[in-house]
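Below: the structure, in structure tokens.
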Amino acid sequence: MIRSKVGYDSVTLVIILSAIVGTNNLGVGKQIHVAALKSGLDSVLLVANRLINMYSKARCVQCAIEVFNHMKEVDLVSWNSMISCCAQSGSEEESVNLFIGLLRDGLRPDQFTIASILRACSSLQEGLHLSKQVHVHALKTGIAADRFVSTALVDVYSRSGKMEEAEALLENKVKFNLASWNALMFGYIKSNDSHKALQLMRRIHNGGNSVDKITLATVAKATSCLVALVPGKQIHAYIIKTGYSKDLYVNSSILDMYIKCGDMGSAHTVFNDIPSPDNVAWTTLISGCLENGDEGRSVSIYRQMRQSGVPPDEYTLATLVKAASCLTALEQGKQIHADAIKLE
């Protein structure tokens, strides 16, 4: 359209940028950005906001910041997009600075602002203190009950080990929200209280509520931490029943559970049922063989991994070096060394 010199306006660019977000084609997005600059349409608020959103989804934080900094006019959507972009891309401190800027600009945060800034706080060293201030603000403005905000609050308190606060938030909710329960379950595991994670799973099941792959992978992790084979097998059966047995994320957690429990026969069965094992699944099995005293098989599985075309990472090779040293296998050690050099 641009090459044929057909006219376009801000609405055209907004529609195209929205479509690009679905395809995650950053190259085309940048071409549209150039067209917006040349036509002067980048100064239109809706176009600029779509550009920020497009760069945010592509994890191109610096590009989003540049668009934001050159905007003559910003609204709450602009601030929210930038805060969310930085929170999701590891720039948590910048998210906090943007939140402060939003407040200084006289704007009132909505549920999306609060949920995003809480996400940023959960990754900061001083995040708990900041989260409590944000929590108070959410209570004062009446949006603490919003499902996005309440889930973010449960998550940030759980990650900080403040399980009583997280539990209180969950108990006060009338409507079931799986994301909040998942966050609390993760918090129990992080706080070395995996028994409570299993109890929470029973409550979800007994209440007739549906689960997702995050729930199942998390509860499988709980059984791994407890080295509890019987509950682990029950969770595995439930996964098969609910149709998640082919999900890579869930299967990797079940694989780890069997390895931690020393049931390598079941671990190999689970691994063989994974349609396309990734680096994590291969490395988990290799490490599991080593942990359970089968160094020879760990090296054999590594060969299968290489034949399948999945490249190893540093952790894979470190595991293999240990296996080769246990076997005093010089040739295998040399091959692993060569693979390590290729990674550099």
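Treat the numbers as computed from the prediction; the structure is a model and nothing was measured. Starting from 1, each residue takes its place in the sequence as its number.
If you chain together hydrophobic residues whose side chains sit under 4.5 Å apart, Ile83 and Leu103 fall into the same group.
Within 6.0 Å of atom CD in Gln133, more than 12 heavy atoms from other residues, nucleotides or ligands are found, so the atom counts as buried in its surroundings. Environment of CZ in Arg59: crowded, with over 12 heavy atoms of neighbouring residues, nucleotides or ligands closer than 6.0 Å.
The existence of a salt bridge linking Glu171 and Arg203 is confirmed by a sub-4.0 Å separation between a basic side-chain nitrogen and an acidic carboxylate oxygen.
Counting only heavy atoms from C-beta outward, the side chains of Leu76 and Phe112 never approach each other to under 4.5 Å. Annotation: side chain of His236 is in contact with side chain of Tyr258 (closest heavy-atom distance under 4.5 Å). Between Met163 and Ser158 the shortest side-chain heavy-atom distance falls below 4.5 Å. With contacts defined as side-chain heavy-atom distances shorter than 4.5 Å, the pair Ser78/Met82 does not qualify.
In summary, the aromatic rings of Tyr302 and Trp282 are positioned with their centroids too far apart to meet the 6.0 Å limit. In summary, the aromatic rings of Phe99 and Trp79 are positioned with their centroids too far apart to meet the 6.0 Å limit.
The structure places CG of Leu178 at 9.0 Å from OG1 of Thr151, a figure rounded to the nearest 0.5 Å.
Remark: side-chain polar atoms of Thr283 are not paired, donor with acceptor, to backbone N or O of Val280 under 3.5 angstrom. Remark: the backbone N or O of Met257 is paired with a side-chain donor or acceptor of Ser224 at under 3.5 angstrom. With Ser287 contributing its side chain and Thr284 its backbone, the two residues share no donor-acceptor pair below 3.5 Å. When atom types are taken as modelled, the side chain of Ser39 and the backbone of Ala36 share a donor-acceptor pair closer than 3.5 angstrom. The backbone N or O of Ser252 lies less than 3.5 Å from no partner atom in the side chain of Asp256, so there is not a single donor-acceptor pair. Using a distance-only test at 3.5 Å, with no hydrogens or angles considered, no donor-acceptor pair links the side chain of Ser84 to the main chain of Ser81.
Contact record, Met185 with Ala197: CG-CB, 3.7 Å, taken as the closest heavy-atom pair. For the pair Leu255 and Ala281, the tightest heavy-atom approach, listed with the atom from each and the gap, is CD2-O, 3.7 Å.
Tested against Tyr157, the residues Glu164, Lys132, His135 include a single side-chain hydrogen bond (donor to acceptor under 3.5 Å, both in side chains) partner, His135.
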